[in-house]
Undergrad: 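I'd like to ask some things about the structure below.
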Amino acid sequence: MEFTAKQIAEFVQGKIEGDENIAIHTFAKIEEGKPGAISFLSNPKYTHYIYDTESSIVLIDENVELEKPTKATLIRVKNAYECVARLLQLYDSMKPKKTGVDSLAFISPSAKIGENCYIGAFAYIGDNVEIGDGSQIYPHATIYDGAKLGKGCLIYPNVSIYHDCKLGNNVTIHSGSVIGADGFGFAPGADGYDKIPQIGIVTIEDNVEIGANTCIDRSTMGSTYIRKGVKLDNLIQVAHNVEIDENTVMAAQGGVAGSTKIGKWCMFGGQVGMAGHISIADHTNVGAQAGITNTIKKADAPIIGSPAIDAKTYMKAYAVYRRLPEIYQQLNTMKRDIEELKEK
């Protein structure tokens, strides 16, 4: 597939500087550019690459001022990063999709499979499963009894979706993830811990993407909810009865304890841990490795640290923390001086 600078500029509503007829057929990072590729520049740290890149076209923010001419044709846009994402989505949507059922797949006679679906070799589709039109189930994926998947879902190899869980439309789940395993519910008794049956489900709404080896536990009762537009990275643990609201994103190795409610449009860095039975306000931004132990009531509040506190307060406190050895030495010196004065 080839696209000219003119076609791309029309699609992203950009302004061309250079040859409008030059064509590209692939993507490349600006520092690894090659003829026939399109790159983008959004981070000022990479500006020096634009003068020597071999890429044929570069998307660039309209307000960037360059010191000298470039070999590449430029397309100036309001947000280069956002535009390249749109182009990648367009490119991905044009790739042919697999369809058909492999002869080595197992599909229960009571399952309902929509039109134009793909079921790969050794995939298992249980009793009364429903899979919407255009969904793709890759090899070795397991969809247990009663689970329901909407249209356009993409389930990669070795994903397990437990019984009765519900997925909306256009849900992507990457390899090794487990949806609907039992929540961690045990009651201490005289002879050990008695298991509390987890009779709820997991509900995943439309346009959710879940990274590899992420686990979302079924609820004790009711449902664990992943609302529409949520994006979860690899290696995340979401416990029973958690609710993650719309368009929240979470980087790798995060953990959410049971019954915690997370608001809309929140952003979590890597390795963030959240205690159970708390609430996180909308638009909360959380720095990497933060530990959230209490409810966050104020929206739009950046927090960091463990226990997590306001980001500005944390940075002020950390500035003092870094000077503790020096402060300790000063205190000892003051202590000696005071003792000498007392002796005199």
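Here the structure is a predicted model, which is why all the values come from computation and not from measurement.
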Undergrad: With a 3.5 Å cut-off and no angle check, do the side chains of Ser108 and Asp127 form a donor-acceptor pair?
TA: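 Note: Ser108 and Asp127 side chains meet the donor-acceptor criterion.
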
Undergrad: In terms of relative ring orientation, are Phe122 and His140 parallel, tilted or perpendicular, with 30° and 60° separating the classes?
TA: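 Rings of Phe122 and His140: parallel, as their planes differ by under 30°.
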
Undergrad: Would a hydrophobic clustering, with Ile, Leu, Val, Met, Phe, Trp and Tyr connected at side-chain separations under 4.5 Å, put Ile30 with Leu59?
TA: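 As far as the 4.5 Å side-chain criterion goes, Leu59 and Ile30 are not connected within one cluster.
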
Undergrad: Would Val84 end up clustered with Ile38 when hydrophobic side chains under 4.5 Å apart are linked, directly or stepwise?
TA: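 Yes.
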
Undergrad: If the test is side-chain hydrogen bond (donor to acceptor under 3.5 Å, both in side chains), which one of Arg218, His240, Lys195 qualifies with Asp182?
TA: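 Filter result, single survivor: Lys195.
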
Undergrad: Which word best sums up how the rings of Phe184 and Phe186 line up, parallel for under 30°, tilted for 30 to 60°, or perpendicular for over 60°?
TA: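 The arrangement is perpendicular - the two ring planes meet at more than 60°.
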
Undergrad: What heavy-atom pair brings Thr99 and Asn116 nearest, and what distance separates the two atoms?
TA: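 Of all heavy-atom pairs spanning Thr99 and Asn116, the closest is CG2-O, 3.7 Å.
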
Undergrad: Where do Thr248 and Cys266 come nearest, in terms of heavy atoms and distance?
TA: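 What the structure gives for the nearest pair is OG1-N, 3.0 Å.
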
Undergrad: Quick one: are Leu149 and Val171 in side-chain contact, heavy atoms under 4.5 Å?
TA: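 Not touching, per the 4.5 Å side-chain cut-off.
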
Undergrad: Run the numbers on Tyr118 and Tyr138 for ring-ring contact (aromatic ring centres under 6.0 Å, His included), then give the verdict.
TA: CA-CA 7 Å; Tyr118 166 67; Tyr138 276 76; 5.3 Å; yes

Undergrad: Taking only residues two or more places apart in sequence or in another chain, which ones pass ring pair (Phe, Tyr, Trp, His ring centres under 6.0 Å) with Tyr124?
TA: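 Here the qualifying residues are Phe106.
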
Undergrad: According to salt bridge (charged side-chain N to carboxylate O under 4.0 Å, His left out), does anything in residues 22-44 pair up with another residue at least two apart or in another chain? List the pairs.
TA: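 Output for this query lists Lys29-Glu32.
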
Undergrad: Does a side-chain N-to-carboxylate-O contact under 4.0 Å join Lys166 and Glu205?
TA: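 No salt bridge links Lys166 with Glu205.
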
Undergrad: Has Glu2 got more than 12 heavy atoms of other residues, nucleotides or ligands less than 6.0 Å from its CD?
TA: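 For Glu2, atom CD is crowded (more than 12 foreign heavy atoms under 6.0 Å).
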
Undergrad: Any side-chain donor-acceptor pair under 3.5 Å between Asp233 and Gln253?
TA: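 No.
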
Undergrad: Would you please name every residue forming a side chain to side chain contact (heavy atoms under 4.5 Å, CB included) with Tyr225, sequence neighbours left out?
TA: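 For Tyr225, the residues satisfying side chain to side chain contact (heavy atoms under 4.5 Å, CB included) (neighbours in sequence not counted) are Thr203, Ser223, Arg227, Glu243.
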
